[in-house]
2 protein chains.
Amino acid sequence: MRRDATATRQRILEEATAEFARYGIAGARVDRIARMAGCNKAMIYAYFLSKDQLFDAVFDAVVVRNVTDVPIDAADLPGYAARLSDQYRTYPEVGRLATWDRLERDGVGVRTATIVEANGHKVEAVAEAQRAGLVGDHLPPEMLLELLFAVAATGFDSVVPGQEPPSPEARRQMVRDAVFRLIRP
Amino acid sequence: MRRDATATRQRILEEATAEFARYGIAGARVDRIARMAGCNKAMIYAYFLSKDQLFDAVFDAVVVRNVTDVPIDAADLPGYAARLSDQYRTYPEVGRLATWDRLERDGVGVRTATIVEANGHKVEAVAEAQRAGLVGDHLPPEMLLELLFAVAATGFDSVVPGQEPPSPEARRQMVRDAVFRLIRP
DNA sequence: CAAGTAACCAACCGGTTGGTTGACGATGCG
DNA sequence: CGCATCGTCAACCAACCGGTTGGTTACTTG
């Protein structure tokens, strides 16, 4: 097989994404990632230096993709939340990786410059919409945003066992309605 | 020191709760739990058979306490959510353990008979309140409940880094208001 | 083609982890 | 007191895991 450093790096990143999303940082196995990526463990350490830094690279890439794919639209927060919810369904790794990060690093959530910047921008957008009267000001923009994120991540596993999780349309509609209610002035 | 089997068992359970809440199932160290509980590792296996069954015992105990301490009041869901939120603040292990369970067992959330029963009862209570007209029927009771849980778990870490997390009163008020908006007919 | 370099790997290493075992000492009962 | 039972533990083990090393293979350059 032809040698290609960037392709190998990319394969490692993809398989690491799946592995970390599934097992978390402590549970992920570097050997397994190497095997899945069809390369040697040493390559992983050549490219990413450590397991933790590999996770950072994975998480950052996922966040960047998410922010790029689903830009905030403060004039239509219900629509934004619905798109975010769809994104979570399309890429289930996103939510899981974010949760692993929150739990396993006792970092209070945000660490990477990428995320800090993205969140700051979003808070500002919501504040702007509040000043314009499009969004109620009964809550500070950060809390509104946190509620929105929480709602967008909802509806994937049912509370009661037997029951089917809601269809994509139903979930999208639920998220849209919930956010509409939450931000109404 | 006087020997006391049930006391030892109880100490193991308590320390295991802290350990699992902090490090998760894969990250928890049985040696550390034994050392913290002031007993030998063998005791843990004598009482709980395996690391996984120890986690089950821990999780079940925590859930039981949570359900007992904060019974649902379908006639006042905002108040219930606020009390739940307070409980999450008083016992941060609860939320973390539940999250670890959701992530590390790929079980879709509910597994233990205790939880299934508790959740079923709650869904029924909400449905009852809907029939009585106290709660809007724009959403099925399970979804309403899932949204309520999501909101009650909100407001502990801030979205932007520098900022302080909201005060207990502010959080309680936010949760109450959010749930009020979500269930309004 | 020869030399140099970048990509790659099998094998290994030190330390750790869940789990086990065999013995020891305290306790309580007949 | 004799003795069985139960709680306790130090020591141990096989498997595993993150990380490293020394060397090999493919590709490029002159």
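Every chain is numbered from 1, with letters handed out A, B, ... down the list of sequences.
With sequence neighbours excluded, the residues forming a salt bridge (Lys or Arg N to Asp or Glu O under 4.0 Å) with A:Asp86 are A:Arg171, A:Arg172, listed by chain and number. Looking at residues two or more places apart in sequence or on another chain, you find no ring pair (Phe, Tyr, Trp, His ring centres under 6.0 Å) involving B:Tyr80. The ring pair (Phe, Tyr, Trp, His ring centres under 6.0 Å) test applied to A:Phe20 returns A:Phe55, not counting sequence neighbours. Residues passing the salt bridge (Lys or Arg N to Asp or Glu O under 4.0 Å) test with B:Glu15, sequence neighbours excluded: none.
The side-chain heavy atoms of A:Leu49 and A:Leu54, taken from C-beta on, include no pair separated by under 4.5 Å.
Atom CZ of B:Arg9 and atom P of D:dC6 are 16 Å apart (whole Å). Atom P of nucleotide C:dT17 and atom OH of B:Tyr45 are separated by 12 Å, given to the nearest angstrom. Between the P atom of D:dG23 and the CE atom of A:Met43 lies a distance of 19 Å, rounded to the nearest Å. Computed from coordinates, the A:Ile44 CD1 to D:dC17 C1' distance equals 13 Å when rounded to whole Å. Atom C1' of nucleotide D:dT28 and atom CG of A:Asp4 are separated by 15 Å, given to the nearest angstrom. Between the P atom of C:dA7 and the CZ atom of A:Arg11 lies a distance of 13 Å, rounded to the nearest Å. In this structure, CD of A:Gln53 is placed 14 Å from C1' of D:dG18, rounded to the nearest angstrom. Residue A:Ile12 contributes atom CD1, which lies 12 Å from atom P of C:dA7 at whole-angstrom precision.
Listed in residue order, the members of residues 27-38 of chain B having a heavy atom less than 4.0 Å from DNA chain D come to none.
Checking the phosphate oxygens (OP1, OP2) of C:dA7, no side-chain nitrogen or oxygen of A:Thr8 falls inside 4.0 Å. The side chain of A:Tyr23 contributes no N or O atom lying less than 4.0 Å from OP1 or OP2 of D:dC17. Contact check, A:Tyr47 against C:dC8: a side-chain N or O comes under 4.0 Å of OP1 or OP2.
Between the side chain of B:Arg184 and the main chain of B:Val179, no donor-acceptor pair closer than 3.5 Å is present.
Side-chain contact check for A:Asp4 and A:Thr6: at least one donor-acceptor pair (N or O, by modelled atom type) lies under 3.5 Å.
For the atom pair CZ of A:Arg181 and CG of B:Leu147, the computed distance is 10.0 Å after rounding to the nearest 0.5 Å. Between atom CG of residue B:Asn119 and atom CD of residue B:Glu124 there is a gap of 13.0 Å, rounded to the nearest 0.5 Å.
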Restricting both atoms to N or O, compile the protein contacts to nucleotides 10-12 of chain D shorter than 3.5 Å, with distance only.
{"from": "D:dA10", "atom 1": "N7", "to": "B:Asn40", "atom 2": "ND2", "distance (Å)": "3.0"}

